[in-house]
2 protein chains.
Amino acid sequence: MAPNDTPQARPSLRERKKQRTLEELAAAAARLFAEQGFEATTLEEVVAAAEVSKRTFFRYYGSKEAVALAPEGQLWERYVAEVAERPLGGTVLDSLRSALLDTVTRMPLGWEERFYACRRLAAHSPTPALRDHTVVASFHVQAELTGILERRLGTSSEADVRLRLLGEFALSAWRCGAKEWVMGREPGQTGRPAMDATPDPLDAGTAARVRGGRERLLRRVDEAFAAIPASLALSAD
Amino acid sequence: MAPNDTPQARPSLRERKKQRTLEELAAAAARLFAEQGFEATTLEEVVAAAEVSKRTFFRYYGSKEAVALAPEGQLWERYVAEVAERPLGGTVLDSLRSALLDTVTRMPLGWEERFYACRRLAAHSPTPALRDHTVVASFHVQAELTGILERRLGTSSEADVRLRLLGEFALSAWRCGAKEWVMGREPGQTGRPAMDATPDPLDAGTAARVRGGRERLLRRVDEAFAAIPASLALSAD
DNA sequence: ATATCCAATGCCACTCAGTGGCAGTTTTTG
DNA sequence: CAAAAACTGCCACTGAGTGGCATTGGATAT
């Protein structure tokens, strides 16, 4: 039925246009939010810059927050697909970890810069709307993971609680690792700020070598996963 | 300076009035939301029922969601206070667990019914607004816990990641335990629904013996905490 | 090529949560 | 009792998000 059963499966013109608007919206949003801040920018401005109607915007993104965090959304989309398909062996938590690391690794070129930009935007916003949205998004992922694992493991009895917990832990590790990364903190370092006090709206030029690139993000997340057992045993001096 | 340095510290008249409006708002909201649903009820109706202006409402609650989940908010308020003050010994996770259980135990009489009502409301709402809010709220708690623990333990070096993870785990266990509770699922039970299919808006009469009361909630949360180590080791058949 | 179909878009009016500002009221304080 | 401070009400306003309907423009069949 589809006109393109060709091995290379060129997406139809219509699909390509949709993809283009999707990206243009994200790009326009990223630019405007970076320039003026998230709350100082209205949706009207974004859709005007992307040359679509406000009504159309909401057919692509669920909210103003969603488009601001588009890079993160892309990650989650691929992550759940990865967990749903990859063969899983060893402990489930290890599977979730390696699936996540692989997904990050395979994200398109330059993704980490866009991701860094949106996380930084969230971290520096006066209102918590964006921060809250990242949390909520990671929870939708957790819920999906739980469902997938139930299906793939034939969820037995009270293993149920354990499965839910696993999803939580995987996302906890991600949140911690990602947070460490955006804060640019070195692992064996103490105290809070640990980076030159730069509340610069847009870091000038290549100053954003993006906190050490994607490899460092991977390392941070990996460390967070690895720290899980030790954290459970942590006791008060 | 305060006019009441009396041992019994009677809160000033002004304080008592504030407390009253706070409760009246929560009560009016709970009633209307239960009757008509969360999204079908406008804020105007709520403030009319409580006989305050909309402007005043926002001086008491941060959002429409916040007042709907007021019982949960009360819990968190007391929980962070508890963690901040109680002496902590043994593993940190155990401290977080027992602090949470104690806090639940000491909540005012009838709290679990209001809590159950608002959780059920969230679970049955067509829009995810309330569900999302519970998640966000638990994260603000997690952030506060992390801060408190840093202060109390003199956060050393990379113990930082572990601390953050601990906060996440405590709240993960809470979320899982509370979810089990509201779903009324028995621990050694399989499958999804596990309760008679009752999407009844208000369970008739005392039908809500509230899923076994507060003790069962405590047990569920305790079980979730206890399941943490086992979940880490869970492997694919 | 032309007629047809249907997905995607644009436009418009609308709801409603949430905010700023200021004037009026009540409690506290001296 | 007067002045200060805290609290409230009213009103206008912003801006996100939605429903409905007409219109455009790829896709498809003849």
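Residue numbers begin at 1 in each chain, while the letters A, B, ... track the order of the sequences.
Sparse packing is recorded around CD of A/E51, with 12 or fewer heavy atoms of other residues, nucleotides or ligands lying under 6.0 Å away.
B/R14 places its CZ atom 16 Å from the P atom of C/dT25, with the value rounded to the nearest Å. In this structure, CG of B/L130 is placed 12 Å from P of C/dA17, rounded to the nearest angstrom. A straight line from NE2 of A/H133 to C1' of D/dA16 spans 14 Å, rounded to a whole angstrom. The distance from atom CZ of B/F58 to atom P of D/dG9 is 14 Å, rounded to the nearest whole Å. The distance from atom OH of B/Y61 to atom C1' of C/dA17 is 17 Å, rounded to the nearest whole Å. If you take CD of A/E44 and P of C/dG10, they are 13 Å apart, rounded to a whole angstrom.
Checked by distance alone, A/K54 brings a side-chain donor or acceptor within 3.5 Å of a matching partner on the base of D/dG17. Within 3.5 Å, no donor on the side chain of B/R55 pairs with an acceptor on the base of C/dG18, nor the reverse. A donor and an acceptor atom sit less than 3.5 Å apart, one in the side chain of A/R59 and one in the base of C/dG10.
Within the structure, every side-chain polar atom (N or O) of A/S63 is placed at least 4.0 Å from both OP1 and OP2 of D/dA16. OP1 or OP2 of C/dT9 lies within a sub-4.0 Å distance of a side-chain N or O belonging to A/Y60. Contact annotation: A/K18 side-chain N/O to C/dA8 OP1/OP2 distance is under 4.0 Å. Contact check, B/K17 against C/dT27: a side-chain N or O comes under 4.0 Å of OP1 or OP2. Using a 4.0 Å cut-off, no side-chain N or O of B/T56 falls inside it from OP1 or OP2 of D/dT8.
In this structure, B/V104 and B/V221 have side chains that are not in contact, with every pair of non-hydrogen atoms separated by 4.5 Å or more.
Across all strands, A/E51 comes closer than 4.0 Å only to sugar-phosphate atoms, never to a base (heavy-atom distances).
Distance from the side chain of A/S12 is smallest for D/dA27 among the nucleotides C/dT9, D/dA27, D/dG9.
Residues A/Y79 and A/W174 keep their aromatic ring centres 6.0 Å or farther apart.
B/R86 places no side-chain N or O within donor-acceptor distance of the main-chain N or O of B/A81, the cut-off being under 3.5 Å.
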